[in-house]
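When a residue number appears, it is its place in the shown sequence, counting from 1. Every value quoted in this text rests on a predicted model; they were computed, and no experiment measured them. Basis for what follows: all heavy atoms, side chains included, without hydrogens, waters or symmetry-related copies.
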Amino acid sequence: MASTYLTRTPSSAGNRRTFTISVWIKFLADGNNDGIFNAWSADSNSAHITFKRRSTNGGQLGWSQWAIDNYTNRIFRDVNAWYHIVYRVDTTQASGGNRIRLYVNGEQETSFAAATDPSQNEELPVNNTVRHIIGANGYSSIGNHIYADMAHFHFCDGQSYAPSTFGETDSTTGIWTAKTAPSVSYGTNGFFLKFENSANLGLDSSGQGNNWSVGAGTMTQLIDTPTNVFATLNPLSGADTMAVNTTFSNGNNTVVCSGSVYNPFGSTIGVNKGKWYAEFKTHVAPGDGMVGIFAKLGASGNYLGSQTHQYTWYNASGGKFASNSSNLETSVGTYTTNDIIGIALDCDNNKLYYHKNGTYMTYGGGTMNPTSGTYGISITDPDETDLGFYFMSAMDWGGSTRGNWSANFGNGLFGTTAVSSAQNPDDGIGIFEYDVPAGYRALCTKSINAEEYS
């Protein structure tokens, strides 16, 4: 949500002692101060409660009520995973530890760095006729916006539900998955936000009509869901200089380099078999831009293409394909502002192909053709590399013009702008600007699972 949020003020109070919050969240930054759900009364600073993930120690989950903080010892920092988070609130419970219970992926969190329970029968600000916020904290001003994706947000007024009401373990994979239509009672102020109506992301699907309003900015709907996770750029990879000199936004699919960046940062999903496709768009002319793949991370200062098992289209000096600091082909052409670079990675035949704005490049005396498998760049078999997987990457090494890229791994967006032509892989999963070669897939868990179990 980044700089936006949803807001609603109930017209009448509900049950302020018993309620359940269930939401799927994909956190997109390491230890950001993420406000999940907040209720606050403007007439008293103490009359608030916030359910959130805090930045201290890299991302602890918990809740706070004025000066009382409750946070897990466990840290949640995976930027590719969807977490199912349930806050089960019932202050009528005799045992203090049962008055607010936190569950992640079906398991109760019992180890807390700090824990102060509400009083028995305490009435919390939630469900009062005060401003409620999803995706930020709201005390005297709105802040601590969540940098995350959300899906299937349930709020059940007057009910204390276990996580098994909203999720279950898949018998084949052993993975905790969502129940898309749980049997629950929503009560007076309850709601169910599916986020499936792009024109009205605050639409309540519970039947109660408790719709939410966008408080600021613009919300972007993604096809990334808990049942099908798409790759993004990974803000946790690369050298320290990468973290200092780059800014990630738009669900970690846009990266801006503000200083010299060396080690490559790549996709959150790596692959070692199958055929895969992604697109990268330049928003400024990248003087020392690089786009490609890697299966090795070197020491700090090693730019993309300087190591073995790294392959790049380097934008300087007329453009060249390079690997291990050696030119594979020179004068292949450059890219500039608003160009879209397509990467087709064939891990079955160990080949790499590039196009610019839909036109495939020349290599080895002919035009690259990923469908027929001709004139591709030969790469090391992924199983024989350092990491055992290839990751896709776009970056800028330095120079007077810094890199500014957006990746489309199949979500159908460059930044917040939807692609214009909406091309799909032949399995129908993913949305791209240009035609996807036959047999190539988007980097997402559904397509990867199909490849693994085919």
Tell me whether [X] contacts the main-chain N or O of [Y] through its side chain, where contact means a donor paired with an acceptor under 3.5 Å.
{"X": "N98", "Y": "S95", "value": "no"}
{"X": "T72", "Y": "L61", "value": "yes"}
{"X": "N408", "Y": "I431", "value": "yes"}
{"X": "S267", "Y": "M392", "value": "yes"}
{"X": "S447", "Y": "C444", "value": "no"}
{"X": "N128", "Y": "A13", "value": "no"}
{"X": "W405", "Y": "M395", "value": "yes"}
{"X": "S393", "Y": "G292", "value": "no"}
{"X": "D204", "Y": "N210", "value": "yes"}
{"X": "N70", "Y": "T116", "value": "yes"}

For [X], check ring-ring contact (aromatic ring centres under 6.0 Å, His included) against everything at least two apart and list the hits.
{"X": "Y434", "answer": "H355"}
{"X": "H152", "answer": "F192"}
{"X": "Y440", "answer": "none"}

Could you label the plane-to-plane angle of the [X] and [Y] rings as parallel, tilted or perpendicular, counting under 30° as parallel and over 60° as perpendicular?
{"X": "F391", "Y": "F294", "answer": "parallel"}
{"X": "Y354", "Y": "W313", "answer": "perpendicular"}
{"X": "Y303", "Y": "Y314", "answer": "parallel"}
{"X": "W176", "Y": "H84", "answer": "parallel"}

Which atoms form the tightest heavy-atom contact between [X] and [Y], and what is the distance?
{"X": "C156", "Y": "F166", "answer": "SG-CZ, 4.1 Å"}
{"X": "S249", "Y": "Y147", "answer": "CA-OH, 3.0 Å"}
{"X": "P125", "Y": "Q65", "answer": "CD-NE2, 3.9 Å"}
{"X": "V130", "Y": "A39", "answer": "CG2-CB, 4.4 Å"}
{"X": "F409", "Y": "T232", "answer": "CE1-C, 3.6 Å"}
{"X": "A278", "Y": "F432", "answer": "CA-CE2, 4.1 Å"}

Drop me the distance from [X]'s [atom1] to [Y]'s [atom2], to the nearest 0.5 angstrom.
{"X": "F195", "Y": "M150", "atom1": "CZ", "atom2": "CE", "answer": "6.5 Å"}
{"X": "T92", "Y": "Q120", "atom1": "OG1", "atom2": "CD", "answer": "7.0 Å"}
{"X": "N137", "Y": "I36", "atom1": "CG", "atom2": "CD1", "answer": "9.5 Å"}
{"X": "L443", "Y": "L345", "atom1": "CG", "atom2": "CG", "answer": "8.0 Å"}
{"X": "T268", "Y": "N252", "atom1": "OG1", "atom2": "CG", "answer": "8.5 Å"}
{"X": "N197", "Y": "L203", "atom1": "CG", "atom2": "CG", "answer": "5.5 Å"}

With the side chain counted from C-beta on, respond yes when [X] and [Y] share a heavy-atom pair under 4.5 Å apart, and no when they do not.
{"X": "H132", "Y": "W40", "answer": "no"}
{"X": "F19", "Y": "D90", "answer": "no"}
{"X": "L102", "Y": "V86", "answer": "no"}
{"X": "I49", "Y": "F37", "answer": "no"}
{"X": "I142", "Y": "R131", "answer": "yes"}
{"X": "Q159", "Y": "T18", "answer": "no"}
{"X": "W63", "Y": "K52", "answer": "no"}
{"X": "D346", "Y": "L352", "answer": "no"}

Under 3.5 Å, is there a donor-acceptor pair linking the side chains of [X] and [Y]?
{"X": "S421", "Y": "E433", "value": "yes"}
{"X": "H283", "Y": "S406", "value": "yes"}
{"X": "N357", "Y": "Y335", "value": "no"}
{"X": "T91", "Y": "R99", "value": "no"}
{"X": "N38", "Y": "T50", "value": "yes"}

message: I need the single residue from Y103, W24, F76 that forms a ring-ring contact (aromatic ring centres under 6.0 Å, His included) with Y83. Which is it?
response: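 In the set Y103, W24, F76, the residue that makes a ring-ring contact (aromatic ring centres under 6.0 Å, His included) with Y83 is F76.
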
query: Ion pair present between R17 and E122, side-chain N to carboxylate O less than 4.0 angstrom?
result: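 A salt bridge is absent here (no side-chain N lies under 4.0 Å from a carboxylate O).
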
message: Less than 4.0 angstrom from a charged side-chain N to a carboxylate O is my criterion; do D427 and K446 meet it?
response: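 Result for this pair is no, no salt bridge flagged.
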
Test side-chain contact (heavy atoms from CB on, under 4.5 Å) applied to T359 - qualifying residues, sequence neighbours left out: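 Applying side-chain contact (heavy atoms from CB on, under 4.5 Å) to T359 gives none.
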
message: The criterion is side-chain hydrogen bond (donor to acceptor under 3.5 Å, both in side chains); which residues satisfy it with D224, sequence neighbours excluded?
response: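 side-chain hydrogen bond (donor to acceptor under 3.5 Å, both in side chains) check on D224 returns K26, W82.
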
- request: Start with the C-alpha distance between I269 and N80, add both sets of side-chain angles, then the distance that settles side chain to side chain contact (heavy atoms under 4.5 Å, CB included), and finish with yes or no.
  value: CA-CA 8 Å; I269 296 177; N80 193 57; 3.8 Å; yes

- prompt: Stepwise, does the ring pair (Phe, Tyr, Trp, His ring centres under 6.0 Å) test hold for Y186 with F191?
  reply: CA-CA 6 Å; Y186 288 99; F191 57 86; 8.2 Å; no

Partner of N127 by side chain to side chain donor-acceptor pair (under 3.5 Å), out of T188, N189, N15: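 Among T188, N189, N15, the one meeting side chain to side chain donor-acceptor pair (under 3.5 Å) with N127 is N189.
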
query: Is the NZ or CZ atom of R53 positioned over F27's six-membered ring, under 6.0 angstrom from the centre and within 45° of the axis?
result: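 R53 over F27 ring: yes.
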
field: Six-ring centre of Y87, R101 cation under 6.0 angstrom, axis tolerance 45°
entry: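 The answer is no; the distance or angle limit is not met.
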
task: With side chain to side chain donor-acceptor pair (under 3.5 Å) as the test, would you mind laying out the steps for R8 and N211 before giving the verdict?
output: CA-CA 8 Å; R8 179 178 182 269; N211 300 318; over 6 Å; no

Pair R54-D34, salt bridge (Lys or Arg N to Asp or Glu O under 4.0 Å): steps then yes or no: CA-CA 6 Å; R54 69 174 186 169; D34 296 308; over 6 Å; no

- request: Give the C-alpha distance, both sets of side-chain angles, the deciding distance and a yes or no for side chain to side chain donor-acceptor pair (under 3.5 Å) between T20 and R88.
  value: CA-CA 5 Å; T20 307; R88 186 179 184 181; 5.9 Å; no

Can I get a per-line list of side-chain donor-acceptor pairs under 3.5 Å for residues 177-185, giving both atom names and the distance, sequence neighbours left out?
unit_1, atom_1, unit_2, atom_2, d
T177, OG1, E168, O, 3.1
K179, NZ, S164, O, 2.7

